[in-house]
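Since the structure comes first, as structure tokens, the remarks are kept for the end.
By convention in this document, chain letters (A, B, ...) are assigned in the order of the sequence lines, proteins followed by strands, and residues within each chain are numbered from 1.
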Amino acid sequence: MARPVILHRDFYSRDTPIVARELLGKWLYSEIGGQLTAGVIVETEAYLAEEDPACHAAKGRTPGNAAMFEEPGWAYVYPIHSRCCFNVVTEAAGVGAAVLIRAIEPKLGLSLMRQRRAARRGTETSSRELCSGPAKLCEALGIGRDFNQHDLTKGKTLWLGEPFNGQDPGEHVPLEIRVTSRIGVTSAKDLPLRFVWAGHPSASGPRCLR
DNA sequence: CTGAGGATAGTCT
DNA sequence: GACTATCCTCAGA
């Protein structure tokens, strides 16, 4: 297929909150075994290298978080509660900052997404619930730990880019962005580092935070 | 519809 | 052994 524009290294090589904000409206693609799935990013969270105890890199580099210290534009996939969450590394190599992708609106390959989700759940899932959470979208797109340290700027198997061919980018830019504290973190509760496409049905979290 | 609580496993100390 | 950037089920309204 003809690739839509892929996000390059310089997109990621900026301050993490800026990257998190500008990621809203971009598309996340996975092409695994020749099967394409994709969706629009509607919710992100920034995790900072400095003064952010909630960041996995806060206590320094360990084998588990090593990906966060790699090149911007690389993937950091970590396991939690027997699921996975997907981050993109930002700023610069050695810094230890990233953006967590919390929710997408499913656009391409819905039936495969449903299949992958149902494999775990055993029940049918509505399209708005399909990718409305960091671990849900990983399941739906087939993102596992094998994508840790994957280079997202190559446009192969897993990457971020502009809207799919034929889709008007203008329709995929949020009219309003809501900024809140991050969901589920136990430290640094007050930092306004969560970015949501305001009112989007595919966002996660309690209704009052969408 | 909403909010609370429990299940669950990988990682670090 | 204690954490956890989660998800799902089940009450209750």
Side-chain angles (χ1 to χ4, degrees), chain A residues 12 16-17 19-21 23-24 28 39 41-70 74-91 95-104 106 113-149 152 160 178-197 199-210:
Chain A
Y12 303 102
T16 307
V19 177
R21 178 183 287 267
L23 241 19
L24 297 179
L28 174 60
I41 296 171
V42 301
E43 180 182 352
T44 60
E45 283 178 0
Y47 287 85
L48 311 179
E50 301 291 331
E51 318 222 339
D52 182 6
C55 180
H56 283 183
K59 291 174 185 167
R61 183 175 184 145
T62 67
N65 67 16
M68 288 193 80
F69 296 89
E70 295 294 345
W74 282 34
Y76 167 46
V77 180
Y78 71 89
I80 182 158
H81 296 310
S82 76
R83 290 151 217 273
C84 284
C85 293
F86 169 70
N87 303 250
V88 297
V89 178
T90 56
E91 304 201 21
V95 171
V99 173
L100 169 69
I101 310 300
R102 278 199 60 90
I104 67 175
M113 291 186 189
R114 243 181 277 272
Q115 213 174 304
R116 293 202 266 231
R117 291 270 301 141
R120 188 183 260 280
R121 291 201 57 198
T123 57
E124 191 49 83
T125 315
S126 77
S127 71
R128 39 185 302 166
E129 299 292 317
L130 212 44
C131 300
S132 59
K136 292 180 180 181
L137 72 88
C138 282
E139 274 174 18
L141 296 200
I143 303 174
R145 302 195 56 194
D146 46 326
F147 284 101
N148 193 35
Q149 306 203 357
L152 300 163
L160 289 83
R178 189 128 185 247
V179 184
T180 77
S181 54
R182 294 169 294 184
I183 289 182
V185 300
T186 53
S187 56
K189 289 185 173 64
D190 47 330
L191 296 180
L193 292 175
R194 171 174 175 262
F195 302 87
V196 205
W197 186 321
H200 200 290
S202 294
S204 80
R207 183 182 279 279
C208 60
L209 291 180
R210 298 187 223 163

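The line from CZ of A/Arg117 to CG of A/Leu137 is 9.5 Å long, rounded to the nearest 0.5 Å. Here the straight-line distance linking atom CG of A/Leu23 with atom CD1 of A/Ile104 works out to 11.5 Å at 0.5 Å rounding.
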Parsed dot-bracket for DNA chain C after applying the Watson-Crick and G-U rules with both distances under 3.5 Å and | for other-strand partners is ||||.|||||||.
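A salt bridge between A/Arg178 and A/Glu43 is absent, with no side-chain N of the basic residue lying under 4.0 Å from a carboxylate O of the acidic one.
A/Ile101 places its CD1 atom 17 Å from the C1' atom of C/dT6, with the value rounded to the nearest Å. Regarding A/Tyr78, its OH atom lies at a distance of 14 Å from the C1' atom of C/dC3, rounded to whole Å. Spacing between atom CZ of A/Arg117 and atom C1' of C/dT6 amounts to 11 Å, rounded to whole angstrom units. In this structure, A/Leu193 places its CG atom 12 Å from C1' of C/dA5, rounding to the nearest Å. Between A/Leu209 atom CG and B/dG3 atom P there is a gap of 10 Å when expressed in whole angstrom units. For the pair A/Ile143 CD1 and C/dT6 P, the computed distance is 16 Å after rounding to whole Å. Rounded to an integer number of Å, the gap from CZ of A/Arg194 to P of C/dT6 is 11 Å.
Between C/dT6 and A/Arg102, a contact under 4.0 Å exists linking OP1 or OP2 to a side-chain N or O.
Between A/Arg83 and A/Ala135, the closest heavy-atom pair is CB-CB, 3.7 Å.
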Pairs under 3.5 Å (N/O, protein and nucleotides 7-13 of chain B):
from, atom 1, to, atom 2, distance (Å)
B/dT8, O2, A/His81, ND1, 3.4
B/dT11, OP1, A/Arg145, NH1, 2.5
B/dT11, OP1, A/Arg145, NH2, 2.5
B/dC12, OP1, A/Thr62, OG1, 2.8
B/dC12, OP1, A/Gly64, N, 2.9

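Residue-nucleotide stacking is present for A/Tyr47 and C/dA5, judged by a side-chain ring centre under 5.5 Å from the six-membered base ring centre and planes under 30° apart.
Contact check for A/Met68 versus A/Cys55: side-chain heavy atoms found under the 4.5 Å cut-off.
Nearest-nucleotide positions on DNA chain C place A/Ile183 closer to the 5' end than the other of A/Glu139 and A/Ile183.
Within the 4.0 angstrom heavy-atom criterion, base atoms lie near A/Ala54.
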